[in-house]
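Inspection log for the structure reproduced underneath, given as structure tokens.
Just follow the structure's listing: the first ligand is 1, and inside any ligand the first atom is 1. Counting from 1, the numbers follow the sequence of the chain as shown. As a basis for the values below, the full set of heavy atoms in this structure was taken, side chains included, without hydrogen atoms, waters or symmetry mates.
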Amino acid sequence: MQISKSLIEQYNDDNLKTHQRKLDFSTSEIDNSEAIIKQLVDFQIAIPSWALGTGGTRFGRFPGGGEPRSLEEKIEDVGLLHALNQSSGAISLHIPWDIPTDANAIRNLAAQHGLKFDAVNSNTFQDQADQALSYKFGSLQNVNKAIRKQAVDHNIEVIKHGIELGSDSLTVWLSDGSCFPGQLNFRKAFQNTLEGLQEIYAALPSNWKMFVEYKCAEPNFYSTTVGDWGQSLLYASKLGEKAYTLVDLGHHLPNANIEQIVSLLLMEGKLGGFHFNDSKYGDDDLTAGALKPYQLFLIFNELVEGMNARNMNHAKDLGWMIDASHNVKDPLEDLLQSVEAIMMAYAQALSVDRQALEVAQNENDTVRCQEISQNAFRTDVRALVAEASLRAGGALNPIGLFRNLKVRENLIKERGFKTIATGL
Ligand code: LRH
Ligand code: MN
């Protein structure tokens with residue numbers, strides 16, 4: 001299903017008066033609103049190819065119908081999101097869930113929808129039907145050298161797919177670890193994993209990045225071999241300048257101070273990118289900003305401060321990706337909500353009065369520091385996000401238009417109710 005420019009323009013015209021009133025108020029309240037709008041227009045968030053269908057848990061999965069049946073239909077769906085918000089200009093593929101049979105055709109189809117290919121993701125956390133050796137006891141950490149080699153070869157294969165699609169980064173998330181004390185020699189597991197990552201690193205083209213994604217637990221429940229930011233930083237530092245850490249918001253132990261982790265990884269020049277989502281208990285992969293919007297703001301607050309300190313290009317120098325699973329919401333509506341929450345957190349962080357905050361911090365004026373931070377978080381920036389979408393050719397209210405156009409109903413008519421997308 002494609003959404004024509006004229007449909008979006010008609011919708012915006014019908015809602016322009018209300019939008020203009022809200023925008024006038026916001027620009028009267030927010031000093032640098034024009035600069036913020038421009039930075040929002042440039043800011044693109046990659047959509048995960050594995051989260052365009054209904055997600056599930058071991059207890060059940062309740063598909064909502066009209067799910068994409070192929071990589072082509074997944075690209076169409078991300079194209080639809082991008083048409084609505086003009087902030088979803090990239091897709092992140094997961095191999096082998098989304099192997100491009102004809103890379104050129106796939107690349108051209110994506111270009112028609114204004115999409116690029118962000119990081120490609122390897123998968124050594126499942127055994128594929130045609131796989132010789134099992135990853136039951138891990139991949140790069142495995143005590144069996146042949147299994148480690150199989151995992152290295154897979155990652156090099158994934159890099160090849162990425163090169164054909166014009167991607168320039170590889171995300172390696174390893175489920176490797178152990179479930180019981182005594183099961184694993186932690187030092188040997190680390191050394192085997194580092195050795196494997198070094199072989200994969202050596203296969204990277206000169207302009208590529210490798211993102212080492214850490215996670216505290218699941219599917220292993222005693223130890224994880226890339227278990228936290230410190231371990232990921234250790235690997236990335238030992239690997240070389242093309243290796244970075246990747247922060248998935250759901251991969252931390254309860255009450256971890258993720259914004260402090262982000263600040264320090266950025267300071268070290270070893271922060272590669274994000275998998276945005278939200279969670280209350282474990283790796284719940286819920287809508288970004290749905291549970292802890294203040295934490296998402298605080299993370300962007302550290303990002304803006306740290307990226308400015310290093311003169312980084314906000315839109316290009318880090319990997320902005322969503323990683324979510326939609327168990328009860330329409331996958332496309334959930335992704336539209338996540339993108340909007342991320343854009344709002346970024347806009348609020350850009351509105352922070354940094355000079356005043358620095359003065360208050362240097363005076364240990366704790367109350368003033370909180371006032372400045374929370375004032376930005378309590379500033380309604382939705383009109384700025386809508387204006388950025390409008391200027392870029394998107395809809396003033398992407399979910400509003402998605403529903404008005406009965407997109408899901410049309411996708412079900414087109415694809416049927418029982419279609420299941422590959423992925424989580
Ligand atoms: C692991 C993870 C990783 C992906 C997978 C789909 O929990 O966050 O980024 O490979 O989800
Ligand atoms: Mn992730």
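In this structure, Trp50 and Trp97 have tilted ring planes: the angle between them lies in the 30° to 60° band.
Protein atoms that are N, O or S and lie under 2.8 Å from the Mn ion (ligand 2) are these: Glu213 OE2, Asp248 OD2, His275 ND1, Asp323 OD2.
Within the 4.0 Å heavy-atom shell around ligand 1 one does not find Asn121.
For the 3.5 Å distance criterion, the side chains of His275 and Asp323 qualify, holding a donor opposite an acceptor. Using modelled atom types, one finds a donor on one side chain and an acceptor on the other under 3.5 Å when comparing Glu67 with Thr54.
Some N or O of His94 is nearer than 3.5 Å to an N or O of ligand 1, by distance alone. For ligand 1, the polar-atom distance check against Asp285 finds no nitrogen or oxygen pair separated by under 3.5 Å. Between Trp97 and ligand 1, no N or O atom pair is found at a separation short of 3.5 Å. The distance criterion of under 3.5 Å between nitrogen or oxygen atoms is not met by Ser122 with respect to ligand 1.
Look at Arg415 and Glu73 and you find a salt bridge, because one of the NZ, NE, NH1 or NH2 atoms lies within 4.0 Å of a carboxylate O, short of that distance. A salt bridge is absent between Lys136 and Asp127; no separation between the charged side-chain nitrogens and carboxylate oxygens falls under 4.0 Å. The pair Arg382-Glu340 does not count as a salt bridge, with every side-chain nitrogen at least 4.0 angstrom from each carboxylate oxygen. Here Glu387 does not pair with Lys22 in a salt bridge; the nearest charged N to carboxylate O distance is not below 4.0 Å. A salt bridge links Glu34 with Arg391; the closest basic N to acidic carboxylate O contact falls under 4.0 Å. A salt bridge does not link Lys209 with Asp168: every distance from a Lys NZ or Arg NE/NH1/NH2 to an Asp or Glu carboxylate oxygen is 4.0 Å or more.
Within 6.0 Å of the NZ atom in Lys116, the count of heavy atoms belonging to other residues, nucleotides or ligands does not exceed 12.
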| CA sep, side-chain torsions, deciding dist, call: Arg148, Asp153, salt bridge (Lys or Arg N to Asp or Glu O under 4.0 Å) | CA-CA 9 Å; Arg148 299 200 299 268; Asp153 294 350; over 6 Å; no

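Gln141 is linked by a side chain to side chain donor-acceptor pair (under 3.5 Å) to Thr225, counting only residues two or more places apart in sequence or in another chain.
Within ligand 1, counting atoms from 1 as listed, the ones closer than 4.0 Å to a heavy atom of Glu213 are 2 (C), 3 (C), 8 (O), 9 (O). The contact set between ligand 1 and His251, taken as ligand atoms under 4.0 Å from a residue heavy atom, comprises 1 (C), 2 (C), 7 (O), 8 (O). Heavy-atom contacts of Asp283 reach the following atoms of ligand 1: 7 (O) (cutoff under 4.0 Å). If you number the atoms of ligand 1 from 1 as listed, the ones under 4.0 Å from a heavy atom of Asp248 come out as 8 (O). Those atoms of ligand 1 that come under 4.0 Å of a heavy atom in His275, given as number and element, are 9 (O).
Residue contacts with ligand 1 for Glu218 are absent, since no atom lies close enough (heavy atoms, distance under 4.0 Å). With a 4.0 Å cut-off on non-hydrogen atoms, Thr171 does not touch ligand 1 at all.
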